[in-house]
There are 2 protein chains.
Amino acid sequence: MTLSEEDYIKAIYHLGKGENHTVSTNEVAEKMETKPSSVTDMVKKLSEKGLVNYRPYKGVSLTGFGQKMALTLVRKHRLWEVFLVEKLDFSWDEVHEVAEQLEHIKSEKLIDRLDKHLGFPQVDPHGDPIPSKKGEFKKAIKKLLSEVPIGVNGICVGVKDSSAPFLKFLDKNNIALGDTIAVKDKEEFDGSLHIQIKNRDIHISQQIAANLYLKITE
Amino acid sequence: MTLSEEDYIKAIYHLGKGENHTVSTNEVAEKMETKPSSVTDMVKKLSEKGLVNYRPYKGVSLTGFGQKMALTLVRKHRLWEVFLVEKLDFSWDEVHEVAEQLEHIKSEKLIDRLDKHLGFPQVDPHGDPIPSKKGEFKKAIKKLLSEVPIGVNGICVGVKDSSAPFLKFLDKNNIALGDTIAVKDKEEFDGSLHIQIKNRDIHISQQIAANLYLKITE
DNA sequence: ATAAATTTTTAGACAAAACTAAATATTTGT
DNA sequence: ACAAATATTTAGTTTTGTCTAAAAATTTAT
């Protein structure tokens with residue numbers, strides 16, 4: 001697999017939402033910032049190699065083999081992201097570009113050892129699950145914190161209300177994107193939540209919880 | 001800098017022994033396992049980019065800029081080697097190939113952070129010095145353990161006598177290539193040495209010491 | 001249902017990095 | 001010093017991945 005081939009496989013995988021939908025030439029071109037004609041060329045090549053199913057004018061999807069490949073790439077990408085954040089103190093929003101390069105390094109041993117070194121993490125810094133060596137993983141879903149059941153934890157990935165007062169509140173309470181949040185308890189009375197974040201237990205209103213998105217793995 | 005360009009720069013650097021000797025097209029071709037004509041092509045390109053000095057039929061050497069580039073690559077390569085050995089438990093002889101890939105990753109921040117994460121190591125697992133960010137470093141030299149002065153430490157990189165009895169001795173005493181050895185004291189009487197290796201203090205004869213190569217940075 | 005708009009593919013070209021074969025320099029041996 | 005041997009370069013191709021422009025298929029809108 002060349003670097004370029006790997007990038008196409010990954011793009012097709014992500015466009016297919018991990019569900020292996022058929023995607024169009026144009027979609028791939030846009031994602032990869034290249035021209036549709038280039039995609040046609042590459043997709044033919046990948047088809048010959050047995051990595052994708054391609055029917056002219058009808059779009060492209062991954063074969064079983066292609067999916068396996070894509071999952072390996074996703075695994076590598078996410079493990080490197082964990083490494084960058086956990087070991088090298090990168091922030092959650094600056095890891096993507098570097099991981100994009102690191103994921104192409106070819107060494108099975110390297111990835112196995114990295115996985116071990118990191119303590120076999122289940123999710124990356126964005127809350128997305130890391131496929132196992134065999135390619136198995138649970139899907140991640142995005143939910144409002146107010147919708148998350150007690151006992152579940154996830155990673156803060158976004159806000160619904162991005163007004164200054166709300167962001168200020170988050171800042172004041174030291175809640176940031178990328179933080180892991182665990183739902184400890186819910187008050188029946190007002191729907192307020194007791195959550196754990198960065199080893200602190202705090203109590204937030206239902207209103208706050210209804211404006212924070214968590215990514216959780218089911 | 002493309003991947004390929006980087007490989008050429010590194011090859012020219014290593015062939016020049018870090019002293020920036022002029023090297024021939026054929027030498028580069030052999031080192032890179034490519035054809036001399038390919039080298040000519042690339043060397044012209046590198047010359048236009050100001051990375052090498054090239055005179056047809058006369059050979060090629062690095063410019064100041066090219067040297068800077070080469071040292072950055074060497075720095076990256078050796079830092080990754082340390083990472084692989086120290087953090088991922090690779091053995092000293094299996095790191096080269098992977099480091100060869102990792103050295104091409106482009107991110108200054110990554111290397112700075114890696115350096116810090118590793119505790120700013122001075123030498124790689126083979127005892128070769130790691131250039132500083134500015135490209136400064138001390139040269140490494142290979143010496144017989146028996147020739148190393150008291151107080152100096154180095155890395156075991158080879159044996160002079162590779163007979164079975166000698167290797168067996170090393171094995172029994174848990175001395176392996178890649179180990180760091182510090183010379184603690186010398187007996188005037190028989191030239192035997194008190195050395196520290198893997199946090200153990202041991203006493204070895206002059207004969208043993210005269211058959212072990214250490215790499216030390218002066 | 002058909003014309004217009006859009007998407008996708010084909011054909012032909014280009015740049016990077018390599019190769020082969022032939023031509024040209026340089027070095028070596030007598 | 002000159003012929004032979006060796007080293008290096010030049011010229012012309014190849015492969016990979018990209019591009020543009022034109023052609024063909026599909027979808028959409030009336």
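In what follows, chains carry the letters A, B, and so on, assigned in the order in which the sequence lines appear, proteins first and then strands, with residues in each chain numbered from 1.
The distance from atom CD of E27(B) to atom P of dT26(C) is 18 Å, rounded to the nearest whole Å. A straight line from CD of E33(B) to P of dC19(C) spans 11 Å, rounded to a whole angstrom. If you measure from atom NZ of K44(B) to atom P of dT9(D), you get 8 Å, rounded to the nearest angstrom. Protein atom NZ of K35(A) is 15 Å distant from nucleotide atom C1' of dC14(C), rounded to whole Å. Look at CE on M42(A): it is 16 Å from P on dT10(C), rounded to the nearest Å. The distance between atom CG of L46(A) and atom C1' of dT18(D), rounded to the nearest whole Å, is 15 Å. When rounded to the nearest whole Å, the span between CG of D41(B) and P of dT10(D) equals 9 Å. Between E48(B) atom CD and dA16(C) atom C1' the separation is 13 Å, expressed in whole Å.
Across all strands, P56(A) comes closer than 4.0 Å only to sugar-phosphate atoms, never to a base (heavy-atom distances). Residue-level contact check: S38(B) touches the bases, meaning some heavy atom is under 4.0 Å from a base atom. Contacts of S37(B) with the nucleic acid, taken as non-hydrogen atoms under 4.0 Å apart, include base atoms.
Contact between the side-chain N/O atoms of Y54(B) and the OP1/OP2 oxygens of dT8(D) is not found at any separation under 4.0 Å. Taking 4.0 angstrom as the limit, S24(A) places none of its side-chain polar atoms (N or O) nearer than this to OP1 or OP2 of dT7(C). A close approach under 4.0 Å does not occur between any side-chain nitrogen or oxygen of Y57(A) and OP1 or OP2 of dA23(D). Within the 4.0 Å cut-off from OP1 or OP2 of dT16(D), not a single side-chain nitrogen or oxygen of Y8(A) is found.
Of all the heavy atoms in W80(A) and A99(A), the pair that sits closest is CB-CB, 4.4 Å.
Between F83(A) and H117(B), the ring-plane angle classifies as perpendicular under the 30° and 60° cut-offs.
For N26(A), whose side chain is taken as the heavy atoms from C-beta onward, the closest listed nucleotide among dT8(D), dT26(D), dT8(C) is dT8(C). Set against dT24(C), dT8(C), dC19(D), the side chain of T34(A) has dC19(D) as its closest nucleotide.
Ring centers of H96(B) and H126(B): at least 6.0 Å apart, outside the cut-off.
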Self-check item: Stepwise salt bridge (charged side-chain N to carboxylate O under 4.0 Å, His left out) check, E147(A) with K142(A)
Solution: CA-CA 10 Å; E147(A) 246 106 76; K142(A) 208 168 109 178; over 6 Å; no
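Note that the OG atom of S4(A) and the CE atom of M1(A) stand 10.0 Å from one another [nearest 0.5 Å].
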